[in-house]
Amino acid sequence: MLQIYNTLTRKKEVFKPIHEGEVRMYVCGMTVYDLCHIGHARVLVSFDVVTRYLRAKGYKVTYVRNITDVDDKIIKRANENGETFTALTERMIAEMHKDSGELGVLPPDAEPKATAYIAEMQDMISTLIEKGYAYAPGNGDVYYRVHKFDGYGKLSGKILEELQAGARIGVDEMKEDPLDFVLWKGAKEGEPYWESPWGNGRPGWHIECSAMGKCCLGETFDIHGGGPDLKFPHHENEIAQSEAANGKTFVNTWMHAGAVRVDNEKMSKSLGNFFTIREVLEKYPAEVVRYFLISSQYRSPINYSEDSLKEAGVRLERLYTALEGLNLDGVEPERGTSYEERFHAAMEDDFNTPEALGVLFELVRHLNKARKDGEANAAALGALVKELGGLLGILQDNPDAFLKSGGDVDEAWILEMIEKRKAAKAAKDFAEADRVREELAAQGVQLKDTREGTTWQIER
RNA sequence: GGCGAGUUAGCAAAGCGGUUAUGCAGUGGACUGCAACUCCAUAUAGACCGGUUCGACUCCGGUACUCGCCUCCA
């Protein structure tokens, strides 16, 4: 029985999709004006695990992850670069796809861009105006009348009166109330624009998700996810827009990933303390980065550090080492073990990946012991390790390839050295054998003697 | 100030009202020519103060501290 923590109700709930056997999920994606950082990676990987697991449970999942391809930051950056905003966004979308692919994130079923849904957004804005939830004061902007919507604050736990205190109205704005937010933004000189009943302009940020969610998944859908900082105001505003316009519950289950921190502070663009996925991938294998991201529960904050990445590498290495040399082709996974059962129990408890990994390590110890009793049972256990790892998006690489990766050493030379050591050992010249091993170790190559001979890997 | 989350062994990170989380690191041992891998054993926990209970890391209350949101941010 799958349970998911719902931000809206602040508790774990038994998950029950609207249509039996189907899950419709929308996750807020990227604003494409720069490279993705590790915080983005966490959202990508967390919801990738959710998708993989739901599919493994037999649900037909429709996963939509939008792209914000027009907004103030994009326009600003494009101007700084002296390029059109579309040139910038196209480039960044390609970079994002590259990064997410490296991290083993499966592509979503749909990836709608804001600029492709301008008409739908305008329709929704018109509806909101008709119903009295929005107004166009005549300066080219359209605003949402926050006080008109009863449920405002229900997701983030905000109280209107308290929000009021800090709210301000910008100089060019004509809001009735400081809390009102923009649905349509009149274009200034030189800015990209679309024609509209309220003048040339572009959509506000929040309306795109309301419009695209409706178009891609319907007026009410099962899961809406995103990063921790989107809870307010973004998701709160989405609820206000969609529920006012459609007159229906927007989303049943709201899921938010935890923040990625650096030195115990949130990693964010505004603090400037972020690491891009790109730069982290230069130092660590992508699967290690992914392992790091799933090594704590998706809602917990996670601290980015060299140490934690290093440890993720060592841990993943242990898992791969267990699979090393096993021929899993066509091998049916061992069924009926408590490991499999406990792994699923962990995942069904709000996608508890650290606990699931704990079970995987116990299974691996069992497998390592089973190897001594012959290949057959070990392979079946290995197939189970690989199957369960697949639900997390790890352990699908060739173990040998993983263990040998990350070094910059000529394999022919290594094999030559191994032969040299073998000869020295045969001649009982252990000093020479050790010298050869140390020479390899100096290059990061670690030798492992097995019954079948000597293998090697790159030391982490 | 308002709202929310958290504080677990050297480090990371889970579950659980009574019985080993798990991984890394440490210690002892097996294996090995010696190592590595692997296996076995083992020490080190539950911020603080109260309460409930036969029994609390786990439930309740309070205190301290940390973090997040309240402004663009995944």
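In this text, all values refer to a predicted model and were calculated from it rather than measured experimentally. Order of the sequence lines sets the chain letters (A, B, ...), proteins ahead of strands, with each chain counted from 1.
At the heavy-atom level, A/Ser300 lies under 4.0 Å from the strands shown only through sugar-phosphate atoms. When heavy atoms are screened at a 4.0 angstrom cut-off, A/Ala257 is found touching no nucleic acid atom at all. Using a 4.0 Å heavy-atom criterion, one finds that A/Ser270 contacts the bases of the nucleic acid, with or without backbone contacts as well. When heavy atoms are screened at a 4.0 angstrom cut-off, A/His37 is found touching base atoms of the nucleic acid. Contact annotation for A/Lys428: no contact, since no heavy-atom pair falls under 4.0 Å across all strands.
With sequence neighbours excluded, the residues forming a salt bridge (charged side-chain N to carboxylate O under 4.0 Å, His left out) with A/Asp449 are A/Arg421, A/Lys425, listed by chain and number. Residues satisfying the ring pair (Phe, Tyr, Trp, His ring centres under 6.0 Å) criterion with A/His40, sequence neighbours excluded, are A/His37. Judged as a ring pair (Phe, Tyr, Trp, His ring centres under 6.0 Å), and not counting sequence neighbours, the contacts of A/Tyr304 are A/Phe275.
Pairs engaging residues 291-310 of chain A under the salt bridge (Lys or Arg N to Asp or Glu O under 4.0 Å) rule: A/Lys283-A/Glu306, A/Arg299-A/Asp350 [sequence neighbours left out]. For residues 222-236 of chain A, the pairs satisfying salt bridge (Lys or Arg N to Asp or Glu O under 4.0 Å) are A/Asp229-A/Lys266, with sequence neighbours left out.
Atom NZ in A/Lys266 sits about 19 Å away from atom P in B/U66, given to the nearest Å. Counting to the nearest Å, the C1' atom of B/A14 and the CD1 atom of A/Ile302 are 14 Å from each other. Rounded to a whole Å, the CD atom of A/Glu236 is 16 Å from the P atom of B/C69. In this structure, CZ of A/Arg77 is placed 13 Å from C1' of B/C73, rounded to the nearest angstrom. Atom-to-atom, CG of A/Asp350 to C1' of B/A14 comes out at 13 Å; the value is rounded to the nearest Å. A straight line from NE2 of A/His206 to P of B/C73 spans 7 Å, rounded to a whole angstrom. A/Leu163 places its CG atom 13 Å from the C1' atom of B/G1, with the value rounded to the nearest Å. Protein atom CG of A/Leu230 is 12 Å distant from nucleotide atom C1' of B/C69, rounded to whole Å.
Nucleotides B/U71 and B/A64 place their P atoms 27 Å apart, quoted to the nearest Å. As rounded to the nearest Å, B/G55 and B/G2 have C1' atoms that lie 40 Å from one another. Comparing B/A47 with B/C70, their C1' atoms are spaced 28 Å from each other, to the whole Å. Comparing B/G17 with B/C54, their C1' atoms are spaced 12 Å from each other, to the whole Å. Distance noted for atom P between B/U20 and B/C57: 15 Å (whole Å). Nucleotides B/G23 and B/U38 are separated by 11 Å at their P atoms, to the nearest Å. Taking the P atom of each, B/C11 and B/G46 are spaced 13 Å apart, rounded to whole Å. Atom P of B/G15 sits at a distance of 15 Å from the matching atom of B/A5, rounded to the whole Å.
Counted by atom type alone, A/Tyr320 and A/Glu287 present one or more donor-acceptor pairs between their side chains at under 3.5 Å. Counted by atom type alone, A/Lys386 and A/Gln396 present zero donor-acceptor pairs between their side chains at under 3.5 Å.
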Summary of protein contacts for nucleotides 31-45 of chain B, nucleotide by nucleotide, where a base hit scores B, a sugar-phosphate-only hit scores S (4.0 Å, heavy atoms): --BBBBSSSS-----
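For A/His206 and A/His235, the gap between ring centers reaches or exceeds 6.0 Å. Aromatic ring centres of A/Phe221 and A/Phe250: separated by under 6.0 Å.
Residue-environment remark: CG (A/Asp263) stays at or below the threshold of 12 foreign heavy atoms within 6.0 Å. For NZ of A/Lys422, the number of neighbouring non-hydrogen atoms (other residues, nucleotides, ligands) closer than 6.0 Å is 12 at most. No more than 12 heavy atoms of other residues, nucleotides or ligands lie within 6.0 Å of NZ in A/Lys98, so this atom counts as exposed by the packing criterion.
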Interface polar pairs with nucleotides 17-21 of chain B, N/O, under 3.5 angstrom:
none

Between the protein and nucleotides 2-6 of chain B, list the N/O to N/O atom pairs that are separated by less than 3.5 angstrom.
| from | atom 1 | to | atom 2 | distance (Å) |
| --- | --- | --- | --- | --- |
| B/G2 | O2' | A/Glu162 | OE1 | 2.5 |
| B/G2 | N2 | A/Lys158 | NZ | 3.2 |

In a table with atom names and distances, give each donor-acceptor pair under 3.5 Å that connects a side chain of residues 356-366 of chain A to protein atoms at least two apart or in another chain.
| from | atom 1 | to | atom 2 | distance (Å) |
| --- | --- | --- | --- | --- |
| A/Glu362 | OE1 | A/Arg342 | NH2 | 3.0 |
| A/Glu362 | OE2 | A/Arg342 | NH2 | 2.9 |

N/O donor-acceptor pairs under 3.5 Å from side chains in residues 43-54 of chain A, not counting sequence neighbours:
| from | atom 1 | to | atom 2 | distance (Å) |
| --- | --- | --- | --- | --- |
| A/Ser46 | OG | A/Arg42 | O | 2.7 |
| A/Asp48 | OD1 | A/Leu106 | N | 2.9 |
| A/Asp48 | OD2 | A/Arg52 | NE | 2.8 |
| A/Asp48 | OD2 | A/Arg290 | NH1 | 3.0 |
| A/Asp48 | OD2 | A/Arg290 | NH2 | 2.7 |
| A/Thr51 | OG1 | A/Phe47 | O | 2.6 |
| A/Arg52 | NH1 | A/Gly390 | O | 3.4 |
| A/Arg52 | NH2 | A/Gly104 | O | 2.7 |
| A/Tyr53 | OH | A/His344 | ND1 | 2.7 |

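Between A/Phe351 and A/Ile4 there is a side-chain heavy-atom pair separated by less than 4.5 Å.
Side-chain proximity of A/His40 to the nucleotides B/A12, B/A14, B/A74 is greatest for B/A74.
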Dot-bracket line, read 5' to 3' along RNA chain B, where crossing pairs take [ ] and | marks a partner on another strand, Watson-Crick or G-U under 3.5 Å: (((((((..(((.....[...))).(((((.......)))))....(((((..]....))))))))))))....
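The salt bridge (Lys or Arg N to Asp or Glu O under 4.0 Å) with A/Arg202 is formed by just one residue from the set A/Asp141, A/Asp71, A/Asp72, A/Asp69; it is A/Asp72.
Taking CD1 from A/Ile75 and CD from A/Glu80, the interatomic distance works out to 12.0 Å, rounded to the nearest 0.5 Å. Remark: A/Met96 CE to A/Asp34 CG distance equals 13.0 Å, nearest 0.5 Å.
Along RNA chain B, the nucleotide nearest A/Ser268 and the nucleotide nearest A/Asn352 are compared for position; the residue whose nucleotide lies closer to the 5' end is A/Asn352.
For the contact set between residues 89-108 of chain A and RNA chain B, defined by any heavy atom under 4.0 Å, there are no members.
OP1 or OP2 of B/A12 has not a single side-chain nitrogen or oxygen of A/Asn303 nearer than 4.0 Å.
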